[in-house]
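Worksheet for the structure shown next.
Residue numbers start from 1 in every chain, and the chains themselves are labelled A, B, ... in the order their sequence lines are given, proteins ahead of strands.
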There are 2 protein chains.
Amino acid sequence: MSTPPSSDKDTQRRRAKPPGVGNPPVETAAAILEAAEQLFIDKGYAGTSVRAIATKAGVNLASAHYHFGSKAGLLGAVIHLRVAPANEERERRLDALERETPNPSVEQILEVFFSTLALDGVAATLPRLIARLYGEPESVSQPLIEREFGAVSRRFLAALGAAMPDVDAEVLAWRFYFMIGAMIHMLAFEGPHTMDPAERRSEDSLRRLLEFAVAGITNGVPRAPEEK
Amino acid sequence: MSTPPSSDKDTQRRRAKPPGVGNPPVETAAAILEAAEQLFIDKGYAGTSVRAIATKAGVNLASAHYHFGSKAGLLGAVIHLRVAPANEERERRLDALERETPNPSVEQILEVFFSTLALDGVAATLPRLIARLYGEPESVSQPLIEREFGAVSRRFLAALGAAMPDVDAEVLAWRFYFMIGAMIHMLAFEGPHTMDPAERRSEDSLRRLLEFAVAGITNGVPRAPEEK
DNA sequence: GGGTTGTTCAAACGTTCGTTTAAATCGTAC
DNA sequence: GTACGATTTAAACGAACGTTTGAACAACCC
């Protein structure tokens, strides 16, 4: 059952092993991560079995525990693999914006925040992965969310606060938090028209989301005061 | 193991049966629904076992299948039990608004939409239940979402369209959909400050959500044209 | 009373779960 | 070539899963 037939029938499985040639260890771990990511997205964490991951990756069942310790550890690794680079890029772009523009507008800040959703390498999976993470019970999701998003959220919240000095910090935090909800929702579920996952990250969708978010965050007063 | 000790120690369990006195059937089904609802909220659908539900409800394991056919059927029943009354009330209130006000504003319409979140009898559980439902894989959630929310969503979308005749229908649908995301997010997760579940439905939270939604839906042009 | 219907019960069905084990196999350094 | 650490393997662990079964039980009609 667990020995795949000699004919590797599709691209889903890891390369068929030439007899006697071992695979570099990194490949097994990478294959597990990739398969786990896809399945977590499609079925959720509780709905995905380690066996299904191992089968999809074309590796032995025990390899998942060997490399990642446990199913929960595997989830953490999958999340971190995708989220960390995207967040680093987010911060890098915000740094650049603040360097080039003395008083960046809310729209500019949010554009940076959303732009990473369309990054190559993360765009194909990250958004839905995040959305799924938020859908898990809080005991699973909360520690990971804080670990992965805590710092970057505070960073952007501070930048928005600087762009809107008249808005109370707590009020702003609420609006930011609603905005996150709108984003997660767009990434996770079908829009008003049926969309395939690629469509969900299209320029068009992101532009609409940006427009909505700017209006909500500024409460319909999009222009930052020219001078304070 | 499955026979509870004679001392019914808390309110969680069904009433201890006086020997020889059968319970009306409705009580068993209701106890199952109540327990299932709580567990689906806390652990999600895949994360909840029928055994856990039966134990929490203080009923036999087989009763869940007897009354609801399957675990999926039980989920459907739980969702419908809470959602249907809330949606009926939503439509009733919208009817009343449209009857009393010739051209209701976006804010008035959204206030009606959100107000049912604070209804007695549904407020304690419905919001988190909805949020959890949205977190499940689409194969589980999508049919239920369409069945339970399809009609009422189209109804409110039409009302919003009437209040904003200048806005393209597709654009409005997107904004409505973002708004749903913000709502779900607020109901499901901790806000910018740690909240207990009751806090999530407080007047304060709903007011902030309403403000955000009005700004987003109108794109910062809250006033409907006085006359067209 | 007997028969019928609806419900609850303990027990078990086969399957799948996350995890562990111990042997086999690898590349590499000696 | 042999010893060694790192990795993969087949197999099994006990537990939990959704579901089914058939007997017991309660209440009602006649």
On the nucleotide D:dT8, are OP1 or OP2 found under 4.0 Å from the side-chain N or O atoms that A:T28 carries?
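Answer is yes, contact under 4.0 Å.
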
Distance check: side-chain N/O of A:N60 vs OP1/OP2 of D:dT7, anything under 4.0 Å?
no

Sequence neighbours left out, what passes side-chain contact (heavy atoms from CB on, under 4.5 Å) with A:A52? Give chain and number order.
A:L39, A:S49

Name the closest nucleotide to the [X] side chain, picking from [options].
X	options	result
B:L61	C:dA11, C:dT8, D:dC13	C:dA11
A:S70	D:dG18, C:dT19, C:dT7	C:dT19
B:A62	C:dA10, D:dT9, D:dC13	C:dA10

Angle, rounded to 10°, between the helical axes spanning five pairs at each terminus of the helix from C:dG1-D:dC30 to C:dC30-D:dG1?
20°

I need the [atom1]-[atom2] distance between [X] and [N], as an integer number of Å.
X	N	atom1	atom2	result
B:H65	C:dT7	NE2	C1'	16 Å
B:R51	C:dT16	CZ	C1'	12 Å
B:I32	D:dT19	CD1	P	13 Å
B:E27	D:dA26	CD	P	16 Å
A:Y66	D:dA11	OH	C1'	19 Å
A:K71	C:dT20	NZ	P	15 Å

Ring centers of A:F178, B:F178 separated by less than 6.0 Å:
no

Taking all non-hydrogen atoms of both residues, which atom of A:L144 and which atom of A:G76 are closest, and how far apart?
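Heavy-atom minimum between the residues: CD2-CA, 3.9 Å.
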
Evaluation steps, ring pair (Phe, Tyr, Trp, His ring centres under 6.0 Å), between B:F113 and B:F176
CA-CA 11 Å; B:F113 189 80; B:F176 184 76; 5.7 Å; yes

Given B:S115, which partner from the list B:R90, B:E89, B:R93 fulfils the side-chain hydrogen bond (donor to acceptor under 3.5 Å, both in side chains) test?
B:R93

